[in-house]
*Asks:* 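Dropping a structure here in structure tokens format, bear with me for questions.
Start at 1 with the first residue, then count along the sequence.
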Amino acid sequence: LPTLIILSVAIALWYGLKIILKNTIKSALLSSFYTFLFFSYGHVFTIIESNFIQESLIPIHAILLISYTACVVLGTYCIVKTNQKLNDTTQIVNVMSIAAIVFVFFNIGIYDFENSYDNLQEENSNPIVLGNDLRNTPDIYYIIMDEYAPLRTLERYYDYDNSDFVKFLEEKGFYVTKNSHSNYAQTSTSLASTLNMKYLNYLSDTVGNESKDHRILYQMLDNNLVMKSFKSAGYQIYSFDSGAWSTRSLNIADENLCSKNQNVDFRTFYQLKQTSILRSFDMFIKEPTSRIFHQEHRDRILCQFDEITKIKQGIEEPIFVFMHVVSPHDPFVFGPNGEEVDYEYTFGPTAEPVSLTSSEGIKAYRDQVIYVSKLLQQTIDKLIENSDSPPIIILQSDTGPSIDFADTTKEAHYIGRMSIINAYYFPDEKYDLLYHDITPVNSFRAVFDSQFQTNNGLLKDKLFFSTYEKLYTFIEITDSIIVR
């Protein structure tokens with residue numbers, strides 16, 4: 001699909017210029033010139049970016065955009081006004097443009113053919129053999145709420161007491177941890193660690209601790225050990241389009257729900273963005289959930305909570321359901337009762353809502369917590385009450401919110417980012433392997449060992465902080481966060 005789009009745009013550009021200029025050679029030269037500039041931008045940016053610090057990224061984009069605009073204006077003027085024969089020049093620029101496009105698709109193509117990444121999965125290649133009676137296996141729902149803060153964070157920074165929701169969970173029979181933290185500070189690393197039941201620090205040596213390459217994490221999610229194990233035991237795997245790059249569509253799932261574009265390869269489009277002038281949009285938008293997609297974001301979240309309660313209808317096989325909800329993480333699209341709100345914001349390298357004051361940001365986040373908590377209560381009620389046999393439910397946040405208020409210390413930022421909600425519902429309520437500071441790397445180890453008679457054991461709980469821009473530069477902060 002991306003190839004067809006690029007070719008269609010290139011042909012349309014050439015044909016449009018031909019109509020305007022009434023000159024085949026000049027229109028071909030201009031279209032090739034524009035194509036070359038379009039697909040060279042990402043590569044030029046990458047070269048320059050490698051020599052500068054993160055704070056310089058917006059000025060780099062600004063300078064490059066001005067430079068490229070000047071090239072377009074001057075190049076267009078010279079080509080249109082010249083009276084010289086341009087046959088040879090056209091051939092040269094055509095070759096350059098074709099080379100740029102081929103290079104782009106080469107970069108995209110190697111996404112699926114990186115042997116070094118395949119080798120990293122070998123230790124996880126064999127699914128875990130489950131020991132439960134497979135004729136009476138419980139359905140499993142794994143719900144991730146993006147940046148949903150635990151009680152203490154909500155009370156301290158958002159002036160909100162969420163104890164009624166925790167009480168609801170406990171009355172339903174959930175084990176709700178009181179001091180749980182994420183193992184990693186970013187969604188892709190956190191989920192890849194949880195669903196493969198291992199730490200990811202070895203990736204620093206493999207891809208480089210300065211790398212921004214998410215592909216190996218996407219691959220680890222696409223073929224994760226947890227879903228592979230359940231699938232081998234006869235489970236049907238369901239996932240939801242979250243709207244985030246990492247969890248829009250998992251290859252291992254039998255079905256991905258709530259996607260209007262089920263057949264679109266979003267990660268290929270992402271690679272296309274990274275290698276073209278579309279990368280300049282990083283100044284304004286980091287994830288595909290900007291303001292223009294407010295209604296789509298609302299609809300997707302409402303679809304997730306609606307569809308998860310219907311999956312089991314008419315299905316005899318046991319099911320494993322993974323639902324990553326990008327909320328209460330911004331964009332802020334819900335008021336406390338689900339009403340529409342209209343906060344202006346943008347995603348930039350700082351990932352800060354630029355037009356919200358501190359008090360507005362607190363209120364927007366708090367209101368969204370209130371509403372999604374209501375949705376969670378309704379959903380959990382239905383999942384438990386409408387099941388023929390009680391399911392297993394894990395409710396977690398991938399990370400906590402970024403606490404970046406003016407007077408926030410580095411330690412407070414770390415604690416806020418790593419603190420998560422973490423709750424478990426087991427049909428037999430045997431929570432012997434759970435404890436109040438358990439981390440997600442041990443979540444499914446506990447599930448497998450306690451509910452499916454395996455012997456994986458638990459890992460020592462460790463916390464590693466890294467930023468979105470330096471994803472694999474892991475800083476261990478375990479001792480400063482967890483009081484043992």
Side-chain angles (χ1 to χ4, degrees), residues 141-151 153-154 157-158 160 162 165-166 168-169 182 185-188 190-191 239-248 256-260 285-309 321-347 351-353 356 360-380 383 393-403 416-417 419-423 468:
Y141 297 90
Y142 182 37
I143 302 173
I144 292 290
M145 303 302 299
D146 210 295
E147 293 193 2
Y148 192 112
L151 274 177
T153 302
L154 290 172
Y157 296 104
Y158 295 94
Y160 181 63
N162 202 29
F165 178 63
V166 173
F168 161 81
L169 293 175
S182 175
Q186 304 300 323
T187 299
S188 53
S190 175
L191 293 181
S239 181
F240 286 84
D241 178 356
S242 67
W245 292 117
S246 57
T247 53
R248 291 212 72 157
N256 287 285
L257 303 173
C258 292
S259 175
K260 297 180 180 179
I285 181 170
K286 176 175 284 189
E287 295 285 343
T289 49
S290 71
R291 187 174 184 275
I292 61 174
F293 297 123
H294 263 211
Q295 188 59 49
E296 180 183 356
H297 192 61
R298 282 177 56 89
D299 292 344
R300 180 184 293 111
I301 292 173
L302 293 174
C303 175
Q304 289 176 306
F305 281 105
D306 181 52
E307 289 295 323
I308 192 173
T309 61
V321 180
F322 171 65
M323 186 171 80
H324 174 205
V325 182
V326 184
S327 187
H329 186 297
D330 54 9
F332 301 118
V333 297
F334 294 110
N337 296 304
E339 65 271 26
E340 291 191 29
V341 292
D342 188 23
Y343 291 105
E344 294 184 359
Y345 70 96
T346 185
F347 284 123
E352 294 179 355
L356 295 185
E360 288 173 337
I362 289 172
K363 182 181 185 302
Y365 177 85
R366 181 176 60 225
D367 287 348
Q368 199 140 274
V369 166
I370 292 171
Y371 182 61
V372 296
S373 298
K374 294 176 181 177
L375 292 178
L376 283 168
Q377 288 190 44
Q378 296 168 6
T379 300
I380 289 169
L383 292 179
I393 302 174
I394 301 178
L395 172 62
Q396 280 178 352
S397 38
D398 56 340
T399 69
S402 292
I403 307 298
R417 185 64 178 175
S419 298
I420 61 171
I421 188 170
N422 195 4
Y468 184 90

*Asks:* Give a yes or no on whether the backbone of Pro336 and the side-chain of Lys374 come within a donor-acceptor separation of less than 3.5 Å.
*Replies:*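 Judged by distance alone, yes, a pair lies under 3.5 Å.
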
*Asks:* Flag the pair Phe322 / Asn256 as yes when at least one side-chain heavy-atom distance between them is below 4.5 Å, and no otherwise.
*Replies:*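 Contact flag for Phe322/Asn256 side chains = no.
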
*Asks:* Quick one: OG on Ser397 to CG on Asp146, what's the gap to the nearest 0.5 Å?
*Replies:*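 The distance works out to 8.5 Å.
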
*Asks:* With a 3.5 Å distance limit and no angle check, can you tell me whether Arg417 reaches the backbone of Ala185 through a side-chain donor-acceptor pair?
*Replies:*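 Between the backbone of Ala185 and the side chain of Arg417 there is a qualifying donor-acceptor contact (under 3.5 Å).
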
*Asks:* Within the structure provided, determine whether Phe240 and His324 are in side-chain contact (heavy-atom separation under 4.5 Å).
*Replies:*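 Heavy-atom side-chain distance check fails, nothing below 4.5 Å.
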
*Asks:* Ignoring hydrogens and geometry, is there a side-chain-to-backbone donor-acceptor pair from Gln368 to His329 under 3.5 Å?
*Replies:*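 A pair under 3.5 Å: yes.
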
*Asks:* Taking the side chain as everything from C-beta on, heavy atoms only, tell me whether Met323 gets closer than 4.5 Å to Tyr142.
*Replies:*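 No. Closest side-chain heavy atoms not under 4.5 Å.
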
*Asks:* To the nearest 0.5 Å, what is the distance between CZ on Phe165 and CG on Leu395?
*Replies:*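 Taking CZ in Phe165 and CG in Leu395, the distance rounds to 5.5 Å.
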
*Asks:* For Asp299, give me all partners under salt bridge (Lys or Arg N to Asp or Glu O under 4.0 Å), at least two apart in sequence or on another chain.
*Replies:*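 None.
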
*Asks:* Just jot down the side-chain contact (heavy atoms from CB on, under 4.5 Å) partners of Pro150, sequence neighbours excluded, or say none.
*Replies:*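 By the side-chain contact (heavy atoms from CB on, under 4.5 Å) rule, Pro150 matches Arg152, Thr153, Ser419.
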
*Asks:* side-chain contact (heavy atoms from CB on, under 4.5 Å) with Val341: which residues, sequence neighbours excluded?
*Replies:*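 Listed in chain order: Tyr343.
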
*Asks:* Is there a side chain to side chain donor-acceptor pair (under 3.5 Å) between Glu339 and Tyr371 once you walk through the steps?
*Replies:* CA-CA 9 Å; Glu339 65 271 26; Tyr371 182 61; over 6 Å; no

*Asks:* So Arg298 and Glu340, do their side chains get closer than 4.5 Å, heavy atoms only?
*Replies:*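 The answer is yes; the side chains approach within 4.5 Å.
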
*Asks:* Please report the shortest heavy-atom distance between Ile301 and Ser327, naming the atom on each side.
*Replies:*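 Answer, listing the atom of Ile301 first, then Ser327: CD1-CB, 3.7 Å.
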
*Asks:* Would you check if the side chain of Ser190 reaches a backbone N or O of Gln186 as a donor-acceptor pair within less than 3.5 Å?
*Replies:*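 Such a contact is absent between Ser190 side chain and Gln186 backbone.
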
*Asks:* Is the shortest heavy-atom distance from the side chain of Val321 to the side chain of Ile308 under 4.5 Å?
*Replies:*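 A side-chain contact exists here, since the closest heavy-atom pair is under 4.5 Å.
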
*Asks:* Check the pair Ile394 / Ile143 against side-chain contact (heavy atoms from CB on, under 4.5 Å), numbers first and verdict last.
*Replies:* CA-CA 6 Å; Ile394 301 178; Ile143 302 173; over 6 Å; no

*Asks:* Mind checking whether Gln304 and Leu257 have side chains closer than 4.5 Å, heavy atoms only?
*Replies:*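 Side-chain contact under 4.5 Å: no.
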
*Asks:* Rounded at 0.5 Å granularity, tell me how far CG in Leu376 sits from CD1 in Ile393.
*Replies:*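 Between Leu376 CG and Ile393 CD1, I get 10.5 Å after rounding to 0.5 Å.
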
*Asks:* Assess, by modelled atom type and distance only, whether the side chains of Tyr365 and Glu147 contain a donor and an acceptor separated by less than 3.5 Å.
*Replies:*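 Result is no, nothing qualifies.
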
*Asks:* Asp367: which residues meet the salt bridge (Lys or Arg N to Asp or Glu O under 4.0 Å) condition with it, sequence neighbours left out?
*Replies:*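 Lys363.
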
*Asks:* Could you tell me if the side chain of His297 sits less than 4.5 Å from the side chain of Val326, heavy atoms only?
*Replies:*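 They are in side-chain contact.
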
*Asks:* Is a side-chain donor-acceptor pair under 3.5 Å present for Ser242 with Thr247?
*Replies:*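 Present: a donor and an acceptor within the cut-off.
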
*Asks:* In chain order, what residues pass the side-chain hydrogen bond (donor to acceptor under 3.5 Å, both in side chains) check against Ser373, with sequence neighbours excluded?
*Replies:*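 Testing Ser373 for side-chain hydrogen bond (donor to acceptor under 3.5 Å, both in side chains), a comparison that skips the adjacent residues, returns Tyr148.
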
*Asks:* For Asp398, what residues pass the side-chain hydrogen bond (donor to acceptor under 3.5 Å, both in side chains) criterion, not counting sequence neighbours?
*Replies:*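 Listed in chain order: Thr187.
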
*Asks:* Enter the distance from Leu375:CG to Leu302:CG here, rounded to the nearest 0.5 Å.
*Replies:*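 Rounded to the nearest 0.5 Å, the CG-CG separation comes to 6.5 Å.
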
*Asks:* Distance check, rounded to the nearest 0.5 Å: Gln396 atom CD versus Ser182 atom OG?
*Replies:*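 Atom-to-atom, Gln396:CD and Ser182:OG are 8.5 Å apart.
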
*Asks:* Roughly how far, to the nearest 0.5 Å, is the OG1 atom of Thr379 from the CG atom of Asp306?
*Replies:*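 Answer for the CG-OG1 pair, Asp306 versus Thr379, is 8.5 Å.
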
*Asks:* Flag the pair Ile144 / Val325 as yes when at least one side-chain heavy-atom distance between them is below 4.5 Å, and no otherwise.
*Replies:*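 Answer no - side chains too far apart.
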
